[in-house]
Protein chains: 2
Amino acid sequence: MTFTKNGKTFHCPVEAALDVIGGKWKPLILWALGDAVLRFNELQKAIPGVNTKMLTKQLRELEEDGVIKRTIYPEVPPRVEYRITDFGKTLIPVLEALCNWGANYLGIEDEDASARQCRQKQQRRNEVCE
Amino acid sequence: MTFTKNGKTFHCPVEAALDVIGGKWKPLILWALGDAVLRFNELQKAIPGVNTKMLTKQLRELEEDGVIKRTIYPEVPPRVEYRITDFGKTLIPVLEALCNWGANYLGIEDEDASARQCRQKQQRRNEVCE
DNA sequence: CTGAATCCGGAAAGATACTG
DNA sequence: CAGTATCTTTCCGGATTCAG
């Protein structure tokens, strides 16, 4: 059984989802943008290990897929802001599942740092959505 | 804030989770093994596009992380079975979130093929777990 | 015959210098 | 500041080979 979307062929829904967030840095980018609007270098600081070329590439692909929005302010020095779109927000439950699993994997009880980090993000998202 | 697990350093739980299932084919492998025990070439058929080298590599990494178990039967012709471990099963909710999002992304209503495929897998898992 | 290791060419990723 | 350009390195895919 196959499915088609935007001219691409997928053999299962998981494969289709991976086409959007399967990039090496994409989940981390989305997770960072889930509760904040960030500039390019803020993203780079938020995601240790990514270099400018890769960050640019993955951001462009996410924008192409309508998951994030890129806004250029014609100022000096230049300012570019990245924010998650409404469509992108539908991915947050997936990332939360990933975060919760990761928190558990890190061998952490409810009140430890990792789980707290997940919850803080959830809270900030809720505040933004109100 | 950083976390450590098995000598690796992570900056957030999502990063830790990606370390385990972030490989290009890993989600699809786990999804295939979520409701069935499969042999090497069955996996290869279940995951269109993967070649033997990559499949072997990703399987070894998943085995290394304790997510799947590899069983060799010393027969002629040789037989190798892969199955998900109890630890690996804790990842299924993450993959279900991915599958559900993918089904929706494919522009599908409740009773269409993609969502049905997700549900069929869920059902088979439930049967296996009974 | 299945499952996998090896070899090689091309593609992708990484580091870093540079520019509007 | 927000990226590009360039160079290096690593990874991936396909074919072939090989062991049980």
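Throughout, protein chains are lettered first and strands after them, A, B, ... in sequence-line order, and every chain is numbered starting at 1.
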Residue whose closest nucleotide on DNA chain C lies nearer the 5' end, W25(A) versus P78(A): W25(A)
Pi-cation contact, Y82(B) with K69(B) (under 6.0 Å, within 45°): no
E64(B) side chain vs E61(B) backbone, donor-acceptor pair below 3.5 Å: no
Under 3.5 Å: donor-acceptor pair, side chain of N51(B), backbone of M54(B): yes
First encountered from the 5' end of DNA chain C, between V50(A) and E42(B): E42(B)
For atom CG of L55(A) and atom C1' of dA13(C), their distance in whole Å: 14 Å
Shortest side-chain distance from K24(A), nucleotide among dA15(C), dA4(C), dA13(C): dA13(C)
Over all atoms of both residues, closest heavy-atom pair of I84(A) and G34(A): CD1-CA, 4.4 Å
From dC12(D), dG3(D), dA4(C), nucleotide with atom closest to Y82(A) side chain: dG3(D)
Sugar-phosphate, base or nothing in reach of K57(A), heavy atoms under 4.0 Å: sugar-phosphate
Separation of atom CD in Q58(A) from atom P in dA13(C), rounded to whole Å: 7 Å
Side chain of R70(A) - closest among dA4(C), dG3(D), dC12(D): dG3(D)
Sugar-phosphate, base or nothing in reach of N51(A), heavy atoms under 4.0 Å: base
R60(A) vs P74(B), nearer the 5' end of DNA chain D by closest nucleotide: R60(A)
Touch class at under 4.0 angstrom, heavy-atom based, for V80(A) against every strand present: sugar-phosphate
side-chain N/O R39(B) vs dA4(C) OP1/OP2, d < 4.0 Å: no
Nearest-angstrom distance from the residue atom CE of M54(A) to P of dC7(D): 17 Å
Interatomic distance, E81(B) CD vs dA4(C) P [rounded to whole Å]: 12 Å
I72(B) CD1 - dA4(C) P separation (whole Å): 7 Å
Distance, rounded to the nearest Å, where F40(B) contributes CZ and dA19(D) contributes C1': 15 Å
Among dT4(D), dC7(C), dA2(D), the one nearest T56(A) by side-chain distance: dT4(D)
Nucleotide dA12(C), atom P - distance to NZ of K26(A) in whole Å: 13 Å
Distance in angstrom units between Q44(B) CD and dG14(D) C1', rounded: 12 Å
Closest listed nucleotide, where the reference is the side chain of T52(A) and the choices are dC1(C), dT16(C), dA4(C): dT16(C)
Backbone of R39(A) reached by a side-chain donor or acceptor of E81(A) within 3.5 Å: no
